[in-house]
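Just so we're clear, the structure is a prediction, and the values are computed from it rather than from any experiment.
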Amino acid sequence: MTCSILVGGAWGDEGKGKCITYLCDTDKPKIIARAGVGPNAGHSVEFNGEKYGLRLTPSGFVHTGAKLMIGAGVLVNPDVLFKEFEDLKKYNVKERMCVDPRCAIINEDHMSRDKSSKHLAEKIGSTGSGCGPANSDRVMRTIGLAKDAPELEDYIADVSFEVNESIDNGEDVFIEGSQGFALSLYYGSYPFVTSKDTTASTFAADVGVGPTKVDEVIDVFKAYISRVGEGPFPTEMTQEEAESKGLEEYGVVTGRRRRIGYFDMELAKESCRINGATQIALTCVDKLFDCARVQNYDELSAETKAFIEDIQTETGVPVTIISTGPDLKDTIDLRKELL
């Protein structure tokens, strides 16, 4: 039995979707539960030659033997969820999805307030998905809950009960966090953050799992770093330099161009400490080093290995997953050797 939490190590866009897809396809957990803020997060999934941009459905949906769940701490926009049901029809996502009755519901007013707020839209760089105003209403105890939304009636289930029962029965559970550690309302670069905490501890609480039941915390970092929207970025490089390195990226939800920077070791150390990381997954290594589609650690160059080993030494956490391309096969999995 293993209960694992996956968390973004920086400002989001770390490649969590690829890691989640690989881990769930490989490990075949019984339950894959979505934690985090809500539909303001976009996870990119590439599977069997097809690409998907997800905002609420767990990225591990490709493992069709798993139950898919959205924890009580997650904000739900039913329109977004139903669109993903349609987009992912061939994976039977609709038939496998459970929404906790305590999830708060995003409505049109929340999205309108998000987009019309000069502070949120222009200063903070909100995605406009309504999450900030919805969480504000949740704190004020005025928001509607999933248990009272007729359109969600067929999908309601006590996610905390289901998840804990699976853990107690010796079954594997995978909890997907969204956003990134540096966007945490508590630990991020305030005020340029999201509307709640985004650490592993809160992701556990989002799905109703106590800390004693969590076995692994996988912290995901890109080999470089990126950020969408405003806020401090100590290792940022110019757009021209990013383009010269082939590091041009755009946000999944907003389509906005991402700011690009060098790997931030100080941020990585803080992220691993506060998240209690037991493993690191390192993505997009092929974007910095000549190792595209390499699947064997021994085939990596000395320079690439030195970069990886430096991260391990500085953070004190083993780098167990190394992504060398978008396909699931483009993965070096060192868990058997290092854990």
Side-chain angles (χ1 to χ4, degrees), residues 24 29-43 45 52-114 127 129-169 171 173-178 195-196 202-209 253:
C24 291
K30 181 71 173 181
I31 290 177
I32 305 168
R34 170 74 151 73
V37 181
N40 56 341
H43 288 177
V45 172
Y52 305 94
L54 306 176
R55 296 169 61 190
L56 279 174
T57 301
S59 300
F61 72 88
V62 297
H63 167 39
T64 55
K67 291 182 181 178
L68 305 174
M69 300 191 173
I70 298 177
V74 181
L75 298 166
V76 173
N77 182 329
D79 292 341
V80 171
L81 187 63
F82 293 151
K83 182 181 184 302
E84 292 180 356
F85 285 169
E86 190 62 30
D87 293 344
L88 303 171
K89 187 181 293 185
K90 71 178 184 179
Y91 291 97
N92 295 322
V93 164
K94 180 179 179 180
E95 291 75 15
R96 296 188 284 136
M97 181 66 75
C98 298
V99 177
D100 193 282
R102 294 157 288 205
C103 287
I105 299 299
I106 293 174
N107 59 35
E108 290 293 335
D109 176 61
H110 296 132
M111 291 186 283
S112 176
R113 284 157 54 192
D114 202 352
T127 63
S129 57
C131 290
N135 269 328
S136 175
D137 283 358
R138 188 166 197 167
V139 170
M140 295 303 293
R141 279 79 104 195
T142 59
I143 200 167
L145 300 182
K147 65 181 180 180
D148 301 316
E151 66 269 40
L152 294 177
E153 183 179 1
D154 294 339
Y155 309 102
I156 297 298
D158 188 329
V159 169
S160 176
F161 178 83
E162 298 267 354
V163 167
N164 279 278
E165 186 175 54
S166 281
I167 293 171
D168 293 343
N169 288 338
E171 297 165 340
V173 170
F174 192 88
I175 299 172
E176 295 186 11
S178 65
S195 55
K196 64 179 280 191
T202 292
F203 293 153
D206 281 347
V207 300
V209 172
V253 175

Engineer: Yes or no on side-chain contact (heavy atoms from CB on, under 4.5 Å) for Val76 and Ile70, after CA distance, side-chain angles and deciding distance?
Structural biologist: CA-CA 8 Å; Val76 173; Ile70 298 177; 3.9 Å; yes
Engineer: Shortest non-hydrogen contact from Gly71 to Val207?
Structural biologist: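 Heavy atoms only, the tightest pair is CA-CG1, 3.9 Å.
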Engineer: If every non-hydrogen atom of Leu145 is compared with every non-hydrogen atom of Ile105, which pair is closest and at what distance?
Structural biologist: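 In terms of heavy atoms, the two residues are closest at C-CG1, 3.8 Å.
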Engineer: Looking at every non-hydrogen atom in both residues, tell me the closest pair between Asn164 and Gly208 and how far apart they are.
Structural biologist: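 Smallest interatomic distance, heavy atoms only, reads ND2-O, 2.8 Å.
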Engineer: Is there a ring pair (Phe, Tyr, Trp, His ring centres under 6.0 Å) between Phe85 and Tyr91? Walk through the geometry before answering.
Structural biologist: CA-CA 9 Å; Phe85 285 169; Tyr91 291 97; over 10 Å; no
Engineer: Compare all side-chain heavy atoms of Tyr52 with those of Asp87 and state whether any distance is below 4.5 angstrom.
Structural biologist: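 Contact flag for Tyr52/Asp87 side chains = no.
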Engineer: Can you find a pair of side-chain heavy atoms, one from Arg102 and one from Asp158, that are under 4.5 Å apart?
Structural biologist: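 A side-chain contact under 4.5 Å exists here.
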Engineer: Give the minimum heavy-atom separation between Ser178 and Gly36, together with the two atoms involved.
Structural biologist: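 Closest heavy-atom pair between Ser178 and Gly36: OG-CA, 3.3 Å.
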Engineer: Would Asp100 and Arg34 count as a salt bridge (Lys or Arg N to Asp or Glu O under 4.0 Å) if you check the C-alpha gap in whole Å, the side-chain angles of each, and the deciding distance to 0.1 Å?
Structural biologist: CA-CA 11 Å; Asp100 193 282; Arg34 170 74 151 73; over 6 Å; no
Engineer: Answer yes when Asp206 and Lys196 have at least one side-chain N-carboxylate O distance shorter than 4.0 Å, and no when they do not.
Structural biologist: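 Counted as a salt bridge, because a side-chain N and a carboxylate O are separated by less than 4.0 Å.
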Engineer: So which heavy atom on Leu56 is nearest to which on Gly38, and how close?
Structural biologist: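 For Leu56 versus Gly38, the nearest heavy atoms are CD2-C, 4.1 Å.
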Engineer: Can any side-chain N or O of Asp114 pair as donor or acceptor with the backbone N or O of Gly130 at less than 3.5 Å?
Structural biologist: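 A pair under 3.5 Å: yes.
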Engineer: Ser129 and Asn40: side-chain donor and acceptor closer than 3.5 Å?
Structural biologist: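 Result is no, nothing qualifies.
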Engineer: Counting C-beta onward and ignoring hydrogens, is there a side-chain heavy-atom pair between Ser195 and Ser136 closer than 4.5 Å?
Structural biologist: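 Heavy-atom side-chain distance check fails, nothing below 4.5 Å.
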Engineer: Measure the shortest side-chain to side-chain distance between Lys94 and Leu68 over non-hydrogen atoms and say whether it is less than 4.5 angstrom.
Structural biologist: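 In short, these two side chains do not touch, never coming nearer than 4.5 Å.
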Engineer: Does any non-hydrogen side-chain atom of Met69 lie less than 4.5 Å from one of Val163?
Structural biologist: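 Yes - at least one pair of side-chain heavy atoms lies under 4.5 Å apart.
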Engineer: Considering only NZ, NE, NH1 and NH2 on the basic side and carboxylate oxygens on the acidic side, decide whether Lys83 and Glu86 come within less than 4.0 Å.
Structural biologist: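 No salt bridge links Lys83 with Glu86.
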Engineer: Would you please test Val99 and Val159 for side-chain contact (heavy atoms from CB on, under 4.5 Å) and show each step?
Structural biologist: CA-CA 7 Å; Val99 177; Val159 169; over 6 Å; no
Engineer: Looking at CD1 of Ile156 and CG of Leu152, how far apart are the two atoms once the value is rounded to the nearest 0.5 Å?
Structural biologist: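 Here the rounded value is 5.5 Å.
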Engineer: Give, for atom CD1 of Ile31 and atom CD1 of Ile175, the distance between the pair rounded to the nearest 0.5 Å.
Structural biologist: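 It comes to 9.5 Å.
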Engineer: Is the side chain of His110 donor-acceptor paired with the backbone N or O of Cys131 at a distance under 3.5 Å, no angle test?
Structural biologist: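 Such a contact is absent between His110 side chain and Cys131 backbone.
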Engineer: Under a 3.5 Å distance rule, please check whether Arg96 uses its side chain to pair with a backbone N or O of Phe61 as donor and acceptor.
Structural biologist: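 Yes: the side chain of Arg96 pairs with the backbone of Phe61.
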Engineer: Counting only N and O atoms by type, is there a donor-acceptor contact under 3.5 Å from the side chain of Glu176 to the main-chain atoms of Gly60?
Structural biologist: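 Pair found, side chain donor or acceptor close to backbone of Gly60.
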Engineer: In Å and rounded to the nearest 0.5 Å, what is the CD1 to SG distance from Ile143 to Cys103?
Structural biologist: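 One finds 10.5 Å between CD1 of Ile143 and SG of Cys103.
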Engineer: When you measure from the side chain of Asn169 to the backbone N and O of Glu171, does any donor-acceptor pair fall under 3.5 Å?
Structural biologist: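 No: the side chain of Asn169 does not pair with the backbone of Glu171.
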Engineer: Taking the side chain as every heavy atom from C-beta outward, state whether Lys30 and Phe174 have any atom pair closer than 4.5 Å.
Structural biologist: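 No - every pair of side-chain heavy atoms lies 4.5 Å or more apart.
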Engineer: Any side-chain heavy-atom pair from Met97 and Pro58 closer than 4.5 angstrom?
Structural biologist: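 In contact.
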Engineer: Is the shortest side-chain heavy-atom distance between Val45 and Leu54 below 4.5 Å?
Structural biologist: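 A side-chain contact under 4.5 Å exists here.
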Engineer: Crowded around Glu153 CD? As in, over 12 foreign heavy atoms under 6.0 Å?
Structural biologist: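 No - once you tally the heavy atoms of other residues, nucleotides and ligands closer than 6.0 Å, there are 12 at most.
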Engineer: Would you call Arg55 and Glu84 a salt bridge, taking side-chain N to carboxylate O under 4.0 Å as the test?
Structural biologist: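 The answer is no: the pair does not qualify as a salt bridge.
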Engineer: Other residues, nucleotides and ligands only: do more than 12 of their heavy atoms fall within 6.0 Å of CZ on Phe82?
Structural biologist: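 Counting neighbours around CZ of Phe82, more than 12 heavy atoms of other residues, nucleotides or ligands fall under 6.0 Å, so yes.
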